[in-house]
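Worksheet: one structure, shown below.
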Amino acid sequence: MSSEIKKEYAIECKGIRKTFGKVVANDDIDLTVRYGEILALLGENGSGKTTLMNMLSGIYHPDRGTIKIGGREVCINTPKDSIGLGIGMIHQHFKLVEVMSAMDNIVLGTKEKRLKPKVLKEKILQISEQFGLEIDPEKKIYDMSVSEKQTVEILKVLYRGANILILDEPTAVLTPQETKKLFSILKRMREKGNAVIIITHKLNEVMEISDRVTILRKGKSMDTVMTAETDEKKLTELMVGRQVSLSIKRPEVKDRKKMLSIEDLVVSKADGTTGLDHVSFDLYGGEILGVAGIAGSGQKELCESLAGLMKIDSGKVMHNDKDITGMGFEEMTQAGVRMSFVPEDRLGMGLVASMDMVGNMLLRSYRNNKGFFVDRKPARQLAESLIEKLEILTPGVETPVRRLSGGNVQKVLLGREIESNPNVLITAYPVRGLDVNSTYRIFDLLNEQKEKGVAVMFVGEDLDALLELADRILVLCHGKITGIVDARETTKEKLGLMMTGITEEVS
């Protein structure tokens with residue numbers, strides 16, 4: 001790439017401030033991104049990353065400060081303004097119409113949708129070839145893998161002329177092979193002179209793909225460093241403000257007791273298609289069983305059917321010698337299974353968004369009340385204890401949880417479920433979107449449960465973390481188990497292959 005491209009700024013943010021009531025989300029933030037550069041944006045949950053990017057994409061407007069695009073001061077009031085300035089954001093949760101083709105999604109909302117399909121297809125393929133993207137323009141979104149959907153999202157913004165791309169946690173649900181492919185695409189974009197901002201909590205990816213790293217902490221820009229001149233430990237210290245151990249413990253528990261035995265489980269998805277296809281495995285107290293798989297491979301159906309929230313079509317779930325198949329929460333408790341479930345949908349199935357922490361604590365304990373009146377005092381004490389124990393950032397226990405950052409919401413949910421004293425703990429993506437400090441605190445909490453003899457099932461997407469944390473890893477593909485392996489004796493590459501359907505001998 002040329003030095004001329006390197007010198008020209010794509011984005012210059014100076015003194016950006018954004019408040020929401022009394023909460024200061026961005027406090028005089030400075031940020032620069034050059035054309036022909038990949039900038040990683042790091043920070044703990046609630047540090048202001050998303051707010052800052054939402055101002056660049058036209059969702060919010062800064063209270064104070066200036067934004068320059070290509071050296072010209074601009075005012076970005078709407079997403080349309082942002083797109084017009086060449087900024088394209090690829091969100092973690094894709095915004096695609098499933099029943100439409102890739103081509104229809106790419107041109108949706110543009111005037112060019114009036115062009116003949118042949119012309120549109122040729123233009124899309126031309127852009128794809130230019131950036132090393134592989135896509136069938138006529139393929140329906142519902143028939144695509146997660147990686148293919150992400151490619152469509154990238155093509156959407158490139159088709160609209162974007163030369164500044166913002167990617168939010170782009171590798172969260174990709175296999176190692178798909179991540180490698182994505183990074184090749186991003187490097188190609190950098191070579192073409194595009195500016196790329198990548199938001200990720202995976203420090204190894206930051207070190208691999210970025211040229212510079214900007215670190216935010218508590219709404220302020222702490223520093224911007226050259227990636228080649230730093231390491232994961234230094235980046236963590238800048239984010240958190242203190243040293244953090246980046247090693248994941250895997251304590252050994254000698255006396256493991258079989259807690260659940262799942263035999264030939266068949267579960268249908270909401271649309272009637274097969275979610276789990278004759279799944280069998282055992283879950284032991286004193287172990288963490290990791291579950292890996294491409295998104296939509298049966299993880300949701302596995303978690304919710306075991307937690308008594310989804311109908312089981314056939315098969316058995318045994319606890320000791322008791323058949324608990326299809327039992328609800330109360331029935332399982334009576335059968336000796338103290339089940340705790342941390343769902344993927346934190347503010348839907350897990351917590352009530354409009355309620356405060358005290359109210360959400362009561363959802364788990366109100367059955368213990370005697371009489372007509374609910375005693376809120378124990379719930380308040382639990383909420384205050386969790387705030388201190390888990391370092392939950394909140395104005396107070398009366399604040400509705402919807403006003404908390406995603407990471408702090410997750411701490412509230414997981415803390416509540418752990419405090420209910422389970423013997424089976426099912427967690428679906430408990431560290432998704434969490435910063436490094438919060439992630440390692442969650443890992444410690446799960447290990448504490450394991451050492452108490454709790455059977456922990458951990459559905460995750462970060463294969464590096466699964467390999468370090470879990471004792472065994474179960475891999476799902478299209479609702480089938482393609483392998484159950486010892487985490488100490490497998491590799492990320494092998495897991496990636498199993499996630500695509502290549503079977504491994506089940507242990």
Side-chain angles (χ1 to χ4, degrees), residues 8-21 23-35 37-43 45-97 104-113 127 149-150 152-170 172 186 189 193-200 214 216 219-221 402-403 405-406 433:
E8 187 180 349
Y9 283 117
I11 296 174
E12 296 171 84
C13 295
K14 185 73 174 174
I16 299 296
R17 182 178 175 84
K18 182 66 181 176
T19 60
F20 298 95
V23 178
V24 181
N26 287 165
D27 189 4
D28 293 324
I29 285 181
D30 296 338
L31 176 131
T32 60
V33 189
R34 296 180 176 94
Y35 289 112
E37 174 185 57
I38 298 176
L39 178 86
L41 187 60
L42 282 179
N45 297 112
S47 62
K49 303 185 302 295
T50 302
T51 300
L52 182 62
M53 293 303 104
N54 281 340
M55 283 186 277
L56 289 174
S57 56
I59 296 172
Y60 298 146
H61 185 74
D63 301 330
R64 190 172 69 207
T66 60
I67 298 174
K68 290 183 179 180
I69 303 296
R72 181 171 61 92
E73 188 171 328
V74 297
C75 186
I76 307 173
N77 291 316
T78 66
K80 186 177 180 181
D81 292 341
S82 179
I83 294 167
L85 291 165
I87 301 170
M89 186 161 180
I90 293 93
H91 297 270
Q92 183 178 348
H93 302 291
F94 305 139
K95 300 179 183 298
L96 299 170
V97 182
D104 289 337
N105 271 276
I106 290 166
V107 301
L108 189 65
T110 69
K111 293 180 180 179
E112 294 197 0
K113 65 182 179 182
I127 297 171
K149 290 177 182 178
Q150 189 177 68
V152 175
E153 286 282 19
I154 293 172
L155 274 168
K156 269 175 61 178
V157 297
L158 291 175
Y159 190 88
R160 287 161 171 75
N163 56 7
I164 301 170
L165 285 91
I166 303 168
L167 297 99
D168 186 8
E169 298 287 349
L186 296 185
M189 290 179 175
N194 288 342
V196 178
I197 301 175
I198 180 170
I199 303 171
T200 178
T214 292
L216 304 185
K220 295 179 179 289
S221 45
R402 69 169 181 269
R403 294 187 182 175
S405 71

- Looking at CD1 of I164 and CE of M89, how far apart are the two atoms once the value is rounded to the nearest 0.5 Å? 13.5 Å
- Message: Given S221, which partner from the list N26, I29, L52 fulfils the side chain to side chain contact (heavy atoms under 4.5 Å, CB included) test?
- Response: I29
- Task: Spell out, as yes or no, whether a donor-acceptor pair under 3.5 Å connects the side chain of K18 to the backbone of H61.
- Result: yes
- Message: Salt bridge check, D63 against R17: does any charged N sit closer than 4.0 Å to a carboxylate O?
- Response: no
- Item | Any donor-acceptor N/O pair, T110 side chain to V107 backbone, under 3.5 Å | yes
- Item | Point-to-point distance, once rounded to the nearest 0.5 Å, from OG1 of T51 to CG of L216 | 10.0 Å
- Measure across G58 and P79 and return the closest heavy-atom pair with its distance rounded to 0.1 Å. O-CD, 3.5 Å
- Message: Main chain of Y9, side chain of K68: is a donor-acceptor contact present, judged purely on distance under 3.5 Å?
- Response: no
- Student check: side-chain heavy atoms of L108 and K156 closer than 4.5 Å: no
- Message: What's the separation between atom CD in Q150 and atom NE2 in H91, rounded to the nearest 0.5 Å?
- Response: 13.0 Å
- Message: Would you compute the distance between atom CG of D30 and atom CD1 of I16 and round it to the nearest 0.5 angstrom?
- Response: 8.5 Å
- Query: Is a side-chain donor or acceptor of D27 paired with a backbone partner of K220 at a separation under 3.5 angstrom?
  - Reply: no
- Closest contact, heavy atoms only, I154 versus M189: CG2-CE, 3.2 Å
- Is there a side-chain contact between I198 and P170, using heavy atoms and a 4.5 Å cut-off? yes
- Do side-chain atoms of R160 reach the backbone of I87 as a donor and acceptor pair under 3.5 angstrom? no
- Query: Would you say the side chain of L158 lies within less than 4.5 Å of the side chain of L165, judging by non-hydrogen atoms?
  - Reply: yes
- Separation between CD1 of I76 and CD1 of I69, rounded to the nearest 0.5 Å: 5.0 Å
- Is it true that a side-chain atom of E8 and a backbone atom of G70 form a donor plus acceptor pair closer than 3.5 Å? no
- Item | Donor-acceptor pair, side chain of S82 and main chain of L56, under 3.5 angstrom | yes
- Note on the structure: CG (D104) and CG (L96) are apart, to the nearest 0.5 Å, by 11.5 Å
- Can you find a heavy atom in the side chain of L41 that is under 4.5 Å from one in the side chain of M53? yes
- Item | Side-chain heavy atoms of L39 within contact of I11, under 4.5 Å | no
